[in-house]
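Both counts, for ligands and for their atoms, begin at 1 and track the order of listing. FYI, side chains are in, hydrogens and waters are out, and symmetry mates aren't considered; it's all heavy atoms of this structure.
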Amino acid sequence: MTAAKKDIRAYSSEELQEFFKVQGDKAFRGKQVYQWLWNKGIHQFDKMTNLSKETRAFLDEHFTINHIAVDQQQRSKDGTIKNAIQLFDGRVVESVLIPVKDRTTACVSSQVGCSLDCKFCATAKLDRMRNLKIDEIFDQVVAIDHQSKAYFNRPLSNIVFMGMGEPLMNYNNVLGAIEKITSPSGLGMSPKRITLSTSGLPKLIKKMADDGVQFNLAVSLHTAIQETREQIMPFAKNFPLLDLLDSLKYWHEKTGKIVTYEYVVWEGINDNMEHIRALVDFCKQVPSKVNLIEYNAIGEDAFRQARPEIINQYMEFLSASHITATVRRSRGKDIDAACGQLANKNKQNT
Ligand code: SAH
């Protein structure tokens with residue numbers, strides 16, 4: 001019986017160099033392999049053309065490269081592309097390519113399903129199956145970069161962790177993937193072009209600040225009133241707004257970066273002056289800006305997008321307090337690719 005082959009992407013550059021040395025080969029072969037894996041995003045040993053045929057066959061004998069496959073693509077009339085991504089164990093997540101003027105943004109997933117229970121989000125209706133691994137997150141980025149080049153003639157420019165899952169519940173792998181995406185020996189993308197969106201987990205926001213991350217932070221706030229937040233995002237009972245605010249102050253002090261709040265206004269939930277005032281007060285505590293996101297219906301639920309007049313009122317009061325706010329229109333709605341709609345509608349995880 002032969003032992004199962006190890007996934008080569010579990011090894012660091014140093015470990016690969018050591019592996020070749022032990023085989024009596026040159027250590028720099030390890031560097032070359034690492035470069036094929038993490039800089040070029042190659043999934044077959046045979047494509048590592050600066051290695052001899054023998055070395056490639058040798059690697060193939062000892063290792064595998066587990067990788068994702070784009071299983072299905074749907075294209076929206078606005079250019080957005082939604083990908084169903086098949087993982088090596090058959091599970092499925094979704095990633096979205098969003099073309100905006102001369103930029104391309106990848107919206108990537110961090111978990112199969114989600115552990116949180118936001119009442120307005122389609123992903124929350126799925127069970128959380130597992131965390132994605134570093135390479136599974138990395139591969140989504142590479143796949144969307146290829147699509148951007150193929151369909152729009154330009155490389156991927158931005159990444160948002162706003163797909164399925166709560167990225168901070170998969171802290172090590174999400175930060176590990178960002179490291180591969182940003183490091184010069186990886187894809188070399190600027191961390192300034194990456195935004196991690198979290199529902200707001202205070203301890204882990206502080207940890208990110210301590211870990212010296214360079215990317216941007218978005219927080220799905222939706223209301224600055226604790227009681228309302230507990231109703232629409234029940235996990236918030238364990239993570240009160242006061243703790244969240246405290247962690248965001250810490251984030252700003254340590255990183256010097258501002259925070260973006262994502263905020264949907266719903267009829268009968270947060271469409272009144274009390275909520276507007278609470279948001280303005282909340283925003284004043286930490287340098288921040290607000291994205292008012294359009295609500296994307298997820299089927300039979302009680303949530304309705306508030307009237308445009310209310311959104312205008314929000315904009316007026318925020319702007320009177322010198323808080324930058326934008327109204328973000330949804331993309332890819334016709335193919336269920338917009339915020340909160342990712343639910344593997346055409347695929348089932350079993
Ligand atoms: N779990 C992370 C990442 C998801 S990001 C987070 O909560 O931030 C997806 C964004 O879309 C979040 O701001 C989320 O609150 C928002 N969202 C979820 N469902 C939505 C819906 N049906 N319509 C509009 N936005 C939604």
Side-chain angles (χ1 to χ4, degrees), residues 80 82 93-96 98 105-126 128 131-132 137 140 158-171 173-174 177-178 194-202 204-205 208 215-224 228-229 231-236 239 241 244 247-248 251 259-267 269-270 279 288-306 311 326-345:
T80 301
K82 182 168 83 168
V93 292
E94 292 175 336
S95 331
V96 185
I98 309 158
T105 298
C107 176
V108 299
S109 292
S110 56
Q111 298 184 310
V112 185
C114 189
S115 9
L116 300 181
D117 47 7
C118 305
K119 299 285 183 210
F120 45 81
C121 180
T123 308
K125 310 254 182 277
L126 309 171
R128 188 195 75 88
N131 284 338
L132 294 195
I137 298 168
Q140 295 175 60
N158 296 72
I159 302 171
V160 293
F161 282 83
M162 297 188 185
M164 297 170 135
E166 167 51 50
L168 293 188
M169 297 280 240
N170 184 13
Y171 190 96
N173 292 348
V174 167
I178 293 177
I194 300 178
T195 301
L196 182 149
S197 175
T198 175
S199 53
L201 307 174
L204 293 168
I205 290 174
M208 274 196 294
F215 50 77
N216 303 303
L217 176 64
V219 174
S220 303
L221 188 62
H222 301 312
T223 168
T228 311
R229 204 157 191 265
Q231 280 160 11
I232 59 177
M233 303 166 87
F235 73 89
F239 305 99
L241 280 168
L244 177 60
S247 72
L248 295 173
W251 161 268
V259 180
T260 301
Y261 297 123
E262 296 155 281
Y263 199 102
V264 179
V265 190
W266 290 284
E267 237 174 66
I269 292 178
N270 52 2
L279 176 62
S288 49
K289 65 176 187 185
V290 178
N291 274 343
L292 293 171
I293 327 178
E294 198 181 340
Y295 178 57
N296 304 305
I298 57 163
E300 293 301 306
D301 62 25
F303 292 90
R304 298 276 166 276
Q305 164 85 29
I311 311 284
T326 48
V327 178
R328 225 173 54 191
R329 292 225 18 247
S330 277
R331 307 289 305 270
K333 254 184 162 176
D334 54 337
I335 54 166
D336 287 326
C339 292
Q341 290 187 315
L342 302 184
N344 293 341
K345 244 192 191 170

**Item:** contact_flag Met233 ligand 1 heavy-atom lt 4.0 Å
**Value:** no
Could you list the donor-acceptor pairs under 3.5 angstrom formed between side-chain atoms of residues 113-123 and any protein atom two or more places apart in sequence or on another chain?
from   : atom 1 : to     : atom 2 : distance (Å)
Asp117 : OD1    : Phe235 : N      : 3.2
Thr123 : OG1    : Leu342 : O      : 2.6

So the atoms of ligand 1 within less than 4.0 Å of a heavy atom of Ser199 turn out to be 6 (C), 7 (O), 8 (O)
Atom 13 (O) of ligand 1 has as its nearest protein heavy atom Ser220 OG, 2.6 Å
Closest to atom 23 (N) of ligand 1 among protein heavy atoms sits Asn296 N, 3.0 Å
Note: heavy atom closest to atom 11 (O) of ligand 1, options Ala124, Ala338, Gly200, Cys339, belongs to Cys339
Ligand 1 atoms nearer than 4.0 angstrom to some heavy atom of His222 are 13 (O), 14 (C), 15 (O)
Inset, instruction - Look at the side chain of Asn291 and the backbone N and O of Glu262, then say whether any donor-acceptor pair between them is shorter than 3.5 Å. - result: no
Those residues at least two apart in sequence (or on a different chain) that pass ring pair (Phe, Tyr, Trp, His ring centres under 6.0 Å) with Tyr171 are none
| request: Indicate yes or no for a side-chain donor-acceptor contact from Glu294 to the backbone of Arg329 under 3.5 Å, with no hydrogens or angles considered. | output: no
Decide if atom NZ of Lys125 counts as having more than 12 heavy atoms of other residues, nucleotides or ligands within a radius under 6.0 Å. yes
Would the distance check show the side chain of Ser220 and the main-chain N or O of Ser199 forming a donor-acceptor pair, the cut-off being under 3.5 Å?
no
Any Lys/Arg nitrogen of Lys82 or Glu94 sitting under 4.0 Å from an Asp/Glu carboxylate oxygen of the other?
yes
In ligand 1, the atoms that come under 4.0 Å of a heavy atom of Cys121 are 18 (C), 19 (N)
Among Met162, Glu166, Glu262, the residue with a heavy atom nearest to atom 10 (C) of ligand 1 is Glu262
A student checking ligand 1 against Ile298 at a 4.0 Å heavy-atom cut-off should list atoms 22 (N)
So the atoms of ligand 1 within less than 4.0 Å of a heavy atom of Gly165 turn out to be 1 (N), 2 (C), 3 (C)
Residue, atom and distance of the protein heavy atom nearest atom 4 (C) of ligand 1 read Gly163 O, 3.8 Å
- Query: Hey, does the side chain of Asn170 reach the backbone of Ser110 with a donor-acceptor pair shorter than 3.5 angstrom?
  - Reply: yes
- Is a donor on one side and an acceptor on the other found under 3.5 Å between the side chain of Arg229 and the backbone of Ala224? no
min-distance protein heavy atom vs atom 2 (C) of ligand 1 -> Ser197 O, 3.4 Å
Closest to atom 18 (C) of ligand 1 among protein heavy atoms sits Gly340 CA, 3.4 Å
Within the 4.0 Å heavy-atom cut-off, what Val219 brings close to ligand 1 is neither
